[in-house]
**Q** 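Just dropping this structure here.
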Amino acid sequence: MADRIEVLKTYKTYVGGKFPRSESDRTYRITDGKDNHIANACRCSRKDVRDAVLASRSAFGGWYARTAYNRGQVLYRIAEMLEGRKDQFVNELKLSGVKQKVALNEVHTAIDRLIYFAGWTDKISQVFGTVNPVASAHFNFSSPDATGVVGIIAPDEHPLLSVISLIAPVIATGNTCVLLASETNPLPAVSFGEVLHASDVPGGVVNILTGYRNETVETLTSHKDINALLLASRDIETGKLADENASLSVKRVVQYRAEDWFSGEHENPYLVLEFMETKTTWHPVGA
Amino acid sequence: MSVSVIQDFNQTIPIDQVGVEERVSRLNKRSIKKESKLQALKLALSMIDHTTLEGKDSKGKVIQLCSKAKMPYAPMPDLPSVAAVCVYPNMVATAKKALRDTAVKVASVATAFPSGMAQLGIKLDDTRYAVSEGADEIDMVISRGEFLKGNYTFIFDEIAAIKEVCGEAHLKVILETGELETLENVRKASDIAMYAGADFIKTSTGKISPAATQPVTLVMLEAIRDFYRKTGTMVGMKPAGGIRKAKEALQYLVLVRETLGSAWLSPDWFRFGASSLTNDLLMQIVKQETGVYQSINYFSND
Amino acid sequence: MSDINTKEPIDKANNGSPKPTSPNADRKLDFASFWEYSPAPENSDHVEIDERYNHFINGEFVEPVKGRYMKSINPANEEVLCEFAEGTSEDVDRAVKAARKAYEKTWSKISGKERGKYIFRLARIIQERARELAITETIDGGKPIRESRDVDVPLAAAHFFYYAGWADKLNYAFPGRKPKSIGVCGQIIPWNFPILMLAWKIAPALATGNTVVLKPAESTPVTALKFAEICRDAGLPAGVVNIVTGAGTTGSEIVNHPDVNKIAFTGSTIVGKIIQKSVAGTGKKITLELGGKGPNIVFEDAPLDQAVEGIVNAIFFNQGHVCCAGSRLLVQEGIADRLIQKLKDRMETLIVGDPLDKNTDIGAINSKAQYDRILEYLDIGVNEGAEMYQSSCSIPDNGYFCRPTIFTNVSQSNRIVQEEIFGPVLTIQTFRTPEEAIEKANNTPYGLASGVWTDKGSKIFKVGQAVRSGVIWSNTYNKFDPTSPFGGYKESGIGREGGLHGLYPYIKF
């Protein structure tokens with residue numbers, strides 16, 4: 001018997017910079033895989049998805065309007081905050097049966113990955129923008145521009161690293177997102193919301209929901225105010241459903257099924273570009 | 001016209017040069033064939049201010065010029081005469097005499113043409129002299145130096161003063177657009193000239209390169225159109241200098257037709273200031289009528 | 001001499017022709033009563049259009065397996081121009097197999113440099129046959145010869161030139177990555193710019209090492225089949241480019257063929273959505289270039305006369321059959337009356353008629369179906385309470401012709417403001433502040449192209465950034481260039497065509 005009774009955390013969702021419970025007031029049990037109780041997580045409904053998309057859309061204008069330098073600093077700040085709460089995340093990852101060494105590596109890689117994408121915010125237009133030598137008296141340039149609200153479906157494995165690998169490239173350039181956390185391993189994602197809250201990320205830029213996939217995926221993928229989808233779930237049927245539903249409003253869909261979330265290939269500006277539109281501007285050159 | 005109608009010339013009307021050039025290039029794609037071509041060639045001929053403005057001009061040369069003006073091509077006596085001959089003030093009397101009893105007008109440059117670098121009094125005297133010698137039309141130059149300084153009131157007042165001494169004679173105001181350089185300046189100078197009383201606005205003296213260009217002409221035509229819409233007063237247009245070929249003349253007529261419409265397609269409202277254009281128009285007219293390509297050797301070079 | 005001298009001055013001046021009308025009291029401009037342009041038809045005698053066209057598969061013209069043919073109509077006179085094969089699943093399968101074989105055996109094996117040289121050849125032969133292609137395009141589709149001659153065909157050649165040069169330089173296009181080709185590309189193109197859209201599709205696909213099965217639209221198949229002749233004459237290896245003709249069902253056979261790796265489609269948003277849904281779960285890459293309802297925003301400090309020209313180019317270019325057409329004019333309130341007056345004057349000078357006449361500005365509506373659709377929208381507009389104005393030009397008795405049309409007194413909720421009409425029909429709304437203009441501009445599911453007219457540089461950047469569309473034409477409109485990426489936000493599509501960005505849809509890492 002411990003000397004002191006531990007204070008346990010109630011895991012909620014992270015929407016619009018707040019930590020509401022699911023509007024449905026339902027929860028479900030998260031276990032360590034051996035049916036030992038870890039916590040109850042919110043069992044979000046389609047209305048939670050609706051609210052999260054609304055928050056995400058509201059946050060888009062402001063986040064998009066930030067300078068690239070500022071967004072880079074905010075992403076870096078997330079990494080700083082995470083570094084300070086390393087132990088919390090290592091312990092949380094261990095609850096699901098991961099060994100200390102692996103958990104620590106996951107947290108470290110996640111922090112470094114944030115820093116990687118923080119550095120891209122003010123370079124992506126330089127590397128992937130162009131000045132186009134048109135054959136007329138016009139100045140013409142193209143630059144990448146955030147696409148808007150992105151729906152993200154996280155995988156079950158490496159619930160901190162994968163979530164950060166998906167969120168960072170999306171928000172780096174001014175997009176906002178709604179993330180459906182892993183159904184079985186949602187807790188690190190929810191705790192990551194607390195880190196975001198503490199690190200200058202404006203409310204609504206990242207929204208994190210938990211719950212049963214079959215109750216949220218349909219709504220998320222068909223929602224017409226979402227501009228793009230990033231799917232990292234291994235479930236092929238979900239991928240197909242997302243493709244189909246995306247066609248309702250011509251969403252961009254990126255199926256991103258990773259074998260190894262620790263691999264350096266996830267540090268990749270081309271993933272950032274998937275959530276950017278190329279905008280081309282013409283102007284006459286005359287006196 | 002009331003003062004309130006006059007715009008503030010310190011305000012610049014924006015003009016996009018590339019857009020103007022694109023418009024001209026599109027208008028140049030009009031294909032003028034068959035009857036419409038013959039009609040336009042004759043129309044262009046009738047709009048010519050047949051011009052000689054050289055230091056070595058002689059009475060004999062002016063008389064020759066006038067006979068060409070009256071009857072441009074003897075084998076086709078039904079062809080129209082040109083609209084006017086344009087000479088220096090000291091040749092006005094000679095021209096007037098040579099053109100008596102014809103519809104061909106005598107135009108005289110004045111106001112210290114071509115530079116305009118003289119006092120107002122001298123310019124007024126120059127104008128009075130040309131009018132007293134019988135000039136039907138006065139082609140004055142504006143003071144480009146003052147314009148480029150931003151002294152728009154000076155320009156306005158000078159034009160108004162010249163207009164006053166013109167009396168019955170029509171006043172053409174030469175902007176010398178080659179020295180104004182930007183299309184916005186061309187537009188502003190056009191507006192000043194029209195509000196100050198110009199009957200015609202004219203691109204160039206012919207002494208400065210570039211002389212008339214189609215983009216400049218289009219901007220001036222648009223100024224005339226806006227002035228007409230606002231005041232109900234028609235003002236004429238005269239591109240001058242550098243227009244040598246019949247094909248270019250037709251392109252100018254297309255500009256007029258599609259900017260100002262039919263009413264301006266008359267020598268009353270549109271002129272070409274040119275000398276070698278006359279013969280090229282004649283060659284093309286004869287070609288249209290006979291089907292045979294012509295040589296300049298068959299057309300008198302007056 | 002004396003008889004000349006005594007002639008009446010007026011007769012002399014006007015050489016016997018009727019004198020132009022004198023100005024009216026109401027300051028109207030009259031563009032029609034004097035000096036009509038004589039007909040100036042482009043000579044089409046040397047252009048041969050076969051009575052019947054077959055598919056082009058594996059380097060040969062082959063009859064359709066089922067033996068069925070469709071008819072292409074000249075929309076300017078409603079006469080049958082030619083027959084062409086109706087592609088069935090069997091034909092598509094043959095074409096895909098040929099493309100696969102060409103991909104495996106030849107096209108993916110040869111060097112980028114050699115690929116490039118083939119593409120340069122295509123560009124050159126297009127230039128050599130430019131006049132024929134332009135005339136064919138005009139006869140088959142109804143667009144004015146001025147446009148097919150000066151825009152469609154030269155730009156198509158330029159696209160092949162541009163992408164030919166990329167073929168051996170792809171390693172410079174994607175920093176840090178080595179691009180690879182994808183395989184067989186299924187490409188479906190619309191009827192509004194047949195040869196140009198073909199170039200937009202085929203040039204980057206070939207440059208990146210892919211092979212192609214392309215289907216032209218059923219109302220405008222002929223230039224694609226002439227392009228097939230060009231591929232043959234250029235010695236392009238058999239099967240690298242295959243042209244299968246037919247209608248929507250042929251297109252869906254291409255989309256759904258399991259051995260096609262990538263789909264590129266240009267056309268309506270409705271069909272684009274169907275295609276996106278059909279390829280769901282297959283892993284096929286798609287690019288979509290779909291509809292639009294482009295806002296053309298004119299501020300009071302704009303160069304007005306050039307803006308008028310831009311408005312005309314934006315909505316009346318190619319009869320308004322342009323996905324990026326500036327079909328919604330947003331004009332700042334203070335200049336609205338003046339601008340609309342200028343626009344009406346300009347509209348009076350637009351010549352509607354024989355597409356082959358070199359002076360025609362607006363040709364024939366591409367098909368009966370499209371013509372009916374446009375007329376329906378004119379009715380809808382009037383019933384919605386909008387005020388319709390059409391130019392007074394004459395139009396031919398036969399063929400599908402529509403006068404240039406503007407609607408004023410419209411509101412954002414009107415169908416004519418919300419829906420893509422794809423015809424020479426402009427709606428005009430006013431705004432007071434830049435914020436209001438931006439809000440109206442973005443209040444649409446589309447996001448393809450926009451115009452911004454102002455003399456103020458900082459405003460161009462502010463508004464241009466805020467308006468969510470793939471192309472911002474500032475102080476110009478409807479400009480295209482092979483180096484310039486084109487494509488939409490939101491429901492206007494996925495991916496870009498043209499420029500360096502246009503390579504991306506045709507490669508993988």
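Lettering follows sequence order; numbering is per chain, from 1.
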**Q** Less than 4.5 Å to any heavy atom of chain C: does that hold for the side chain of B:V254, its backbone, both, or neither?
**A** both
**Q** Is it true that, when you exclude C:D337 itself, more than 12 heavy atoms of the residues, nucleotides or ligands shown sit nearer than 6.0 Å to its CG?
**A** no
**Q** Has the side chain of B:S262 got a donor or acceptor atom that lies under 3.5 Å from a matching backbone atom of C:D30?
**A**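 Yes; judged by distance alone, with no hydrogens or angles, the pair exists.
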**Q** Below 4.5 Å from any heavy atom of chain B, which atoms of C:K479 appear? Answer side chain, backbone, both or neither.
**A** side chain
**Q** Would you mind telling me which of B:V219, B:D226, B:L99, B:L218 has the largest number of heavy-atom pairs within less than 4.5 Å of chain C?
**A**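 Top option by heavy-atom pairs under 4.5 Å: B:D226.
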**Q** Could you give me the CA-CA distance, side-chain angles and deciding distance for C:N313 and B:R26, then say whether side chain to side chain contact (heavy atoms under 4.5 Å, CB included) is met?
**A** CA-CA 11 Å; C:N313 284 334; B:R26 177 159 177 184; 3.2 Å; yes
**Q** Report which part of B:A40 has an atom under 4.5 Å of a heavy atom belonging to chain C: side chain, backbone, both, or neither.
**A** both
**Q** Can you confirm whether C:F461 is buried at CZ, in the sense that more than 12 heavy atoms of other residues, nucleotides or ligands lie under 6.0 Å from that atom?
**A**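 Counting neighbours around CZ of C:F461, 12 or fewer heavy atoms of other residues, nucleotides or ligands fall under 6.0 Å, so no.
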**Q** Using non-hydrogen atoms only, which part of B:L38 is less than 4.5 Å away from chain C: side chain, backbone, both, or neither?
**A** neither
**Q** Please classify the contact of C:A302 with chain B as side chain, backbone, both or neither, using a heavy-atom distance under 4.5 Å.
**A**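 Contact with chain B is through the backbone of C:A302 alone.
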**Q** Is it the side chain or the backbone of C:D301 that comes within 4.5 Å of chain B heavy atoms, both, or neither?
**A** backbone
**Q** Answer yes or no for B:R257 and C:F34: cation-pi contact, defined as NZ/CZ to six-membered ring centre under 6.0 Å and angle to ring axis within 45°.
**A** no
**Q** For chain B, which residues from residues 130-137 of chain C have at least one heavy atom closer than 4.5 Å to it?
**A**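 Residues in range: none.
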**Q** Taking non-hydrogen atoms and a cut-off under 4.5 angstrom, which of residues 11-21 of chain B neighbour chain C?
**A**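 Result: B:P14, B:I15, B:D16, B:G19, B:V20.
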**Q** More than 12 heavy atoms of other residues, nucleotides or ligands under 6.0 Å from NZ of C:K462: is that the case?
**A** no
**Q** Under a 4.5 Å cut-off applied to non-hydrogen side-chain atoms, are C:Q306 and B:E222 in contact?
**A**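 Touching, per the 4.5 Å side-chain cut-off.
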**Q** Would you name the heavy atoms of C:L29 and B:T259 that are closest together and state the gap between them?
**A** CD1-O, 4.0 Å
**Q** Provide the closest heavy-atom pair for C:W35 versus B:L250 in the form atom of the first, atom of the second, distance.
**A** CH2-O, 4.2 Å
**Q** Check whether C:E36 gets within reach of chain B through its side chain, its backbone, both or neither, counting any heavy atom under 4.5 Å.
**A** both
**Q** Can you list the steps and then say if B:R225 with C:D345 is a salt bridge (charged side-chain N to carboxylate O under 4.0 Å, His left out)?
**A** CA-CA 10 Å; B:R225 184 185 56 195; C:D345 280 345; 5.1 Å; no
**Q** Can you check whether B:K29 reaches C:R149 side chain to side chain, under 4.5 Å on heavy atoms?
**A** yes
**Q** With a 4.5 Å limit on heavy-atom distance, are the side chains of C:K342 and B:R229 in contact?
**A**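 With C-beta onward as the side chain, the pair stays apart.
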**Q** Picking from B:E258, B:R30, B:E184, B:K33, which has the most non-hydrogen pairs under 4.5 angstrom with chain C?
**A** B:R30
**Q** Quick one: are B:R187 and C:D305 in side-chain contact, heavy atoms under 4.5 Å?
**A** yes
**Q** Take a 6.0 Å sphere around NZ of B:K188 and say whether it holds more than 12 heavy atoms from other residues, nucleotides or ligands.
**A**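 Yes, NZ of B:K188 has more than 12 neighbouring heavy atoms, counting only those of other groups under 6.0 Å.
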**Q** Given that the side chain runs from C-beta out, which part of B:L253 has a heavy atom under 4.5 Å from chain C: side chain, backbone, both or neither?
**A** both
**Q** C:R338 versus chain B, heavy atoms under 4.5 Å apart: side chain, backbone, both or neither?
**A**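 Neither part, no heavy atoms under 4.5 Å.
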**Q** So how far is it from B:S36 OG to C:N359 CG, rounded to the nearest 0.5 Å?
**A**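 Here the rounded value is 8.0 Å.
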**Q** Checking B:R23 side chain against C:E309 main chain: does a donor-acceptor pair fall under 3.5 Å?
**A** no
**Q** Return the OG to CZ distance between B:S31 and C:R146, rounded to the nearest 0.5 Å.
**A** 12.5 Å
**Q** Give the minimum heavy-atom separation between B:E35 and C:S38, together with the two atoms involved.
**A**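 Taking B:E35 first and C:S38 second, the nearest heavy atoms are OE1-OG, 3.3 Å.
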